[in-house]
Q: 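Following this message is one structure expressed as structure tokens.
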Amino acid sequence: MRLDLITIVVDDYDPAIEYFTGALGFDLVEDSPSLTNDGRPKRWVVVRPPGAQTGILLARADGQQQKSAIGNQVAGRVGFFLRVDDFDAAYRRMTAAGVEFITAPRTEPYGQVAVFLDISGNRWDLLGPAA
């Protein structure tokens, strides 16, 4: 058993793909036409960090309820955790790519951490080994 995908609700596919592949360095592993449960066209878009097994399904918001969840999928908490081997290099690369960090890097017992916002406004921890 393994966790295969999680969903992040986004405003639109292409800007989200650009953010996750460009700013975060993820791989685009699938972008296929699909249909909603009631037959309307949509896309099945999956990104994942290089070498990771678990991916993220980028799901375009469909309807007002889903639109209201954009950026608040976990009620304002950090809900996503991106672990890297070289924290300083990842932080510099992401900052240069325009990623918005809302906390300065700090060291915790579990390692280095800084909170950033994704393209939709969801909070993520960038995590690295203790310095």
Side-chain angles (χ1 to χ4, degrees):
M1 185 181 318
R2 65 185 167 92
L3 182 63
D4 188 44
L5 293 171
I6 62 164
T7 298
I8 293 181
V9 180
V10 298
D11 222 12
D12 198 9
Y13 298 112
D14 294 324
I17 291 168
E18 177 58 33
Y19 177 84
F20 280 92
T21 61
L24 298 188
F26 286 23
D27 295 328
L28 176 62
V29 295
E30 188 169 358
D31 185 355
S32 303
S34 187
L35 297 174
T36 63
N37 290 334
D38 60 359
R40 291 175 290 121
K42 68 175 186 177
R43 288 161 60 186
W44 182 263
V45 177
V46 177
V47 295
R48 74 171 51 106
Q53 288 190 352
T54 302
I56 298 172
L57 176 69
L58 301 176
R60 186 182 64 204
D62 184 16
Q64 191 53 46
Q65 182 180 9
Q66 291 181 19
K67 287 181 182 187
S68 69
I70 294 173
N72 194 29
Q73 294 194 180
V74 291
R77 303 241 356 208
V78 171
F80 308 98
F81 303 84
L82 181 61
R83 183 160 299 275
V84 295
D85 294 329
D86 187 336
F87 180 89
D88 293 331
Y91 180 81
R92 283 191 306 271
R93 184 187 59 72
M94 290 168 65
T95 300
V99 173
E100 179 184 357
F101 281 88
I102 59 171
T103 68
R106 65 184 190 278
T107 300
E108 296 289 345
Y110 51 85
Q112 292 177 284
V113 61
V115 179
F116 69 94
L117 301 177
D118 69 18
I119 189 170
S120 296
N122 296 298
R123 292 173 183 248
W124 290 64
D125 273 357
L126 176 65
L127 298 168

Q: Are the side chains of Leu117 and Arg123 in contact, using a 4.5 Å heavy-atom criterion?
A: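 Arg123 vs Leu117: side chains touch.
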Q: Compute whether any side-chain donor of one residue and acceptor of the other, for Asn122 and Ser120, lie under 3.5 angstrom apart.
A: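 The answer is no; no qualifying pair exists.
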Q: Is Arg60 salt-bridged to Asp62, cutoff N-O under 4.0 Å?
A: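 So Arg60 does not pair with Asp62 through a salt bridge.
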Q: First locate atom CG of Leu5, then atom CG of Leu58, and finally report the distance between them rounded to the nearest 0.5 Å.
A: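 With rounding to 0.5 Å, CG (Leu5) is 10.0 Å from CG (Leu58).
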Q: Could you tell me whether the side chain of Thr95 and the main chain of Arg92 form a donor-acceptor pair under 3.5 Å?
A: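 Side chain of Thr95 to backbone of Arg92: no pair is present.
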Q: To the nearest 0.5 Å, what is the distance between OG1 (Thr103) and CG (Leu126)?
A: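 Between atom OG1 of Thr103 and atom CG of Leu126 there are 9.5 Å.
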Q: Nearest 0.5 Å, please: how far is CG in Asp11 from NZ in Lys67?
A: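 Between Lys67 NZ and Asp11 CG, I get 7.0 Å after rounding to 0.5 Å.
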Q: Might you confirm whether atom CZ of Arg77 has over 12 heavy atoms from other residues, nucleotides or ligands at distances under 6.0 Å?
A: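 No - once you tally the heavy atoms of other residues, nucleotides and ligands closer than 6.0 Å, there are 12 at most.
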Q: Looking at every non-hydrogen atom in both residues, tell me the closest pair between Ala23 and Val99 and how far apart they are.
A: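 Heavy atoms of Ala23 and Val99 come nearest at CB-CG2, 3.7 Å.
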Q: Looking at Glu30 and Ser32, what are the two nearest heavy atoms and their distance?
A: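 Closest approach of Glu30 to Ser32: OE2-OG, 3.1 Å.
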Q: Tell me whether Thr21 contacts the main-chain N or O of Leu28 through its side chain, where contact means a donor paired with an acceptor under 3.5 Å.
A: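 Pair absent, no side-chain N/O of Thr21 close to backbone of Leu28.
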Q: Counting N and O atoms only, with roles assigned by atom type, does the side chain of Gln73 sit under 3.5 Å from a partner on the main chain of Thr7, one being a donor and the other an acceptor?
A: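 Yes.
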Q: Spell out, as yes or no, whether a donor-acceptor pair under 3.5 Å connects the side chain of Arg43 to the backbone of Ala59.
A: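 Here the side-chain-to-backbone pair does not exist.
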Q: Establish whether Leu3 and Phe20 are linked, either directly or via other cluster members, by ILVMFWY side-chain heavy-atom contacts under 4.5 Å.
A: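 Both belong to a single hydrophobic cluster.
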Q: Has Glu108 got more than 12 heavy atoms of other residues, nucleotides or ligands less than 6.0 Å from its CD?
A: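 Yes, because the 6.0 Å sphere around CD of Glu108 holds more than 12 heavy atoms from other groups.
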Q: Return the orientation label for the Trp124 and Phe116 ring planes: parallel under 30°, perpendicular over 60°, tilted otherwise.
A: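 Parallel.
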Q: Starting from Tyr13, can I reach Leu57 by hopping between I/L/V/M/F/W/Y residues whose side chains sit under 4.5 Å apart?
A: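 No, separate clusters.
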Q: Look at the side-chain heavy atoms of Ile, Leu, Val, Met, Phe, Trp and Tyr, link any pair under 4.5 Å apart, and say whether Val78 and Leu24 land in one connected group.
A: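 No, Val78 does not connect to Leu24 through the hydrophobic network.
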Q: Are the side chains of Arg106 and Val113 in touch, meaning some heavy atoms are under 4.5 Å apart?
A: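 When only atoms from C-beta onward are counted, Val113 and Arg106 do touch, with a gap below 4.5 Å.
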Q: Which atom pair, heavy atoms only, marks the closest approach of Leu82 to Pro49?
A: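 Here Leu82 and Pro49 meet closest at CD1-CG, 4.1 Å.
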Q: Measuring from atom CD1 of Ile6 to atom CD1 of Ile56, what distance do you get when rounded to the nearest 0.5 angstrom?
A: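 Rounded to the nearest 0.5 Å, the CD1-CD1 separation comes out at 4.5 Å.
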Q: Any side-chain heavy-atom pair from Tyr19 and Val47 closer than 4.5 angstrom?
A: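 No. Closest side-chain heavy atoms not under 4.5 Å.
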Q: Group every Ile, Leu, Val, Met, Phe, Trp and Tyr by side-chain heavy-atom contacts under 4.5 Å, then state whether Phe80 and Met94 land in the same group.
A: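 Yes, one cluster joins them.
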Q: How close do Ala16 and Val10 get, heavy atom to heavy atom, and via which atoms?
A: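 For Ala16 versus Val10, the nearest heavy atoms are CB-CG1, 3.8 Å.
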Q: Tell me whether Ile119 shares a hydrophobic cluster with Val115, the cluster being built from Ile, Leu, Val, Met, Phe, Trp, Tyr side chains joined at under 4.5 Å.
A: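 No, it is not one cluster - the side chains of Ile119 and Val115 are not joined through contacts under 4.5 Å.
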Q: Can you check whether Leu127 reaches Phe87 side chain to side chain, under 4.5 Å on heavy atoms?
A: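 Sidechains of Phe87 and Leu127: no contact.
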Q: Quick check: are there more than 12 heavy atoms from other residues, nucleotides or ligands sitting under 6.0 Å from CG of Asp4?
A: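 Counting other residues, nucleotides and ligands, CG of Asp4 exceeds 12 neighbours.
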